[in-house]
Participant: 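Pasting a structure here, questions to come.
What you see is a predicted model, and the numbers here were worked out from it, not measured in a lab.
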Amino acid sequence: MTKKQKYEFIVKYFSEKMPDPKTELKYTTPYELLVAVVLSAQCTDKRVNMVTPNFFKRFPTVDTLAEGSIEEIFDLIRSISYPNNKSKHLHGMAQMLLKSFNGEIPSDVDELQMLPGVGRKTANVIASVIFNKPAMAVDTHVFRVSKRLGLTPNAKNPLDTERELVKHFKEEQIPNAHHWLILHGRYTCFARKPNCKECGLTPVCSYYLDSSSM
DNA sequence: ATCCCGAGGG
DNA sequence: CCCTCTGGAT
């Protein structure tokens, strides 16, 4: 089985199982998604979705957030990971959006990464989900699942993974592929104990094939 | 004890 | 490259 055949098998499988995969973060505007993704670092989407309704009621726009204090932001997100860092990041992010980007969310990955709290992964999510760009966001799930399947056998870090995946998936497949790999990691290919019994990808999965042959 | 849609700083 | 931030679920 060549690498190309492996990618084709996997695309076919996911296309049928998840024809229209989407993020599980709740949002209604680009601003809301940006906030939600920043909050999602090392935190489950479910927990983020527990705090964002109140957060967006209090801070519905970039302008309102920019006027809020770090302390008030902290109080609204205190139940998720790293509230100290994230409240400072969100506050600084709103300031920079007003000052340097006219209050609009930029579509360029490099510009997005200039924002406090926005790294490569978050920037790629916004570029892909909001602006439909072929940006491959690599989080913990994408990194792990890609490696196990054998899509990125030599990747040593998320950036390696991103480059390899972008090279092999067709451009129009990338936004879906991002969500496919995340959702597969979240509901089947668990970090601790992957549920290979319920997985239809075992015929092409390096992790499964290696572990079952011993 | 380990993991969750990471980012920033040294 | 490494470390720190640091809450809640399993």
Participant: Quick one: CD on A:Gln42 to NZ on A:Lys86, what's the gap to the nearest 0.5 Å?
Facilitator: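 NZ of A:Lys86 is found 8.0 Å from CD of A:Gln42.
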Participant: Would you find more than 12 non-hydrogen atoms of other residues, nucleotides or ligands less than 6.0 Å from A:Glu171 atom CD?
Facilitator: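 No, the 6.0 Å shell around CD holds no more than 12 heavy atoms from other groups.
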Participant: Just how far is it from atom CG of A:Leu98 to atom CD of A:Glu104, taken to the nearest 0.5 Å?
Facilitator: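 Answer rounded to 0.5 Å: 10.0 Å.
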Participant: Relative to the 5' end of DNA chain C, which residue comes earlier, A:Lys156 or A:Arg47, by the nucleotide with the nearest heavy atom?
Facilitator: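 Whichever sits nearer the 5' end wins; that is A:Lys156.
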Participant: Side-chain heavy atoms under 4.5 angstrom apart, residues restricted to Ile, Leu, Val, Met, Phe, Trp, Tyr: same cluster for A:Ile126 and A:Leu165?
Facilitator: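 Looking at the clustering, A:Leu165 is in a separate group from A:Ile126.
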Participant: Base, backbone or nothing for each nucleotide of nucleotides 5-10 of chain B, written B, S, -, heavy atoms under 4.0 angstrom, 5' to 3'?
Facilitator: BBSS--
Participant: Under 4.0 Å, counting only non-hydrogen atoms across every strand here, what does A:Arg192 touch: a base, just sugar-phosphate, or nothing?
Facilitator: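 Answer is base: heavy atoms of A:Arg192 come under 4.0 Å of a base.
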Participant: Earliest and latest nucleotide of DNA chain C, 5' to 3', sitting under 4.0 Å from a non-hydrogen atom of chain A?
Facilitator: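 So the outermost contacting nucleotides come out as C:dC5 to C:dT10.
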Participant: In whole Å, what separates the P atom of B:dC5 from that of C:dC3?
Facilitator: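 Roughly 24 Å separates the two P atoms.
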Participant: If you count heavy atoms of other groups shown closer than 6.0 angstrom to CG of A:Asn102, is the number above 12?
Facilitator: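 Incorrect, the count does not exceed 12.
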Participant: When you look at NZ of A:Lys22, are more than 12 heavy atoms from neighbouring residues, nucleotides or ligands closer to it than 6.0 Å?
Facilitator: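 12 or below, so no.
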Participant: Using the C1' atom as the point on both nucleotides, what is the distance between C:dT6 and B:dC4, in whole Å?
Facilitator: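 To the nearest whole Å, 13 Å.
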Participant: Can you tell me if A:Met50 has over 12 outside heavy atoms packed within less than 6.0 Å of its CE?
Facilitator: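 Counting neighbours around CE of A:Met50, 12 or fewer heavy atoms of other residues, nucleotides or ligands fall under 6.0 Å, so no.
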Participant: Using a strict threshold of under 4.0 Å (side-chain N to carboxylate O), is an ion pair present between A:Lys12 and A:Glu16?
Facilitator: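 Yes.
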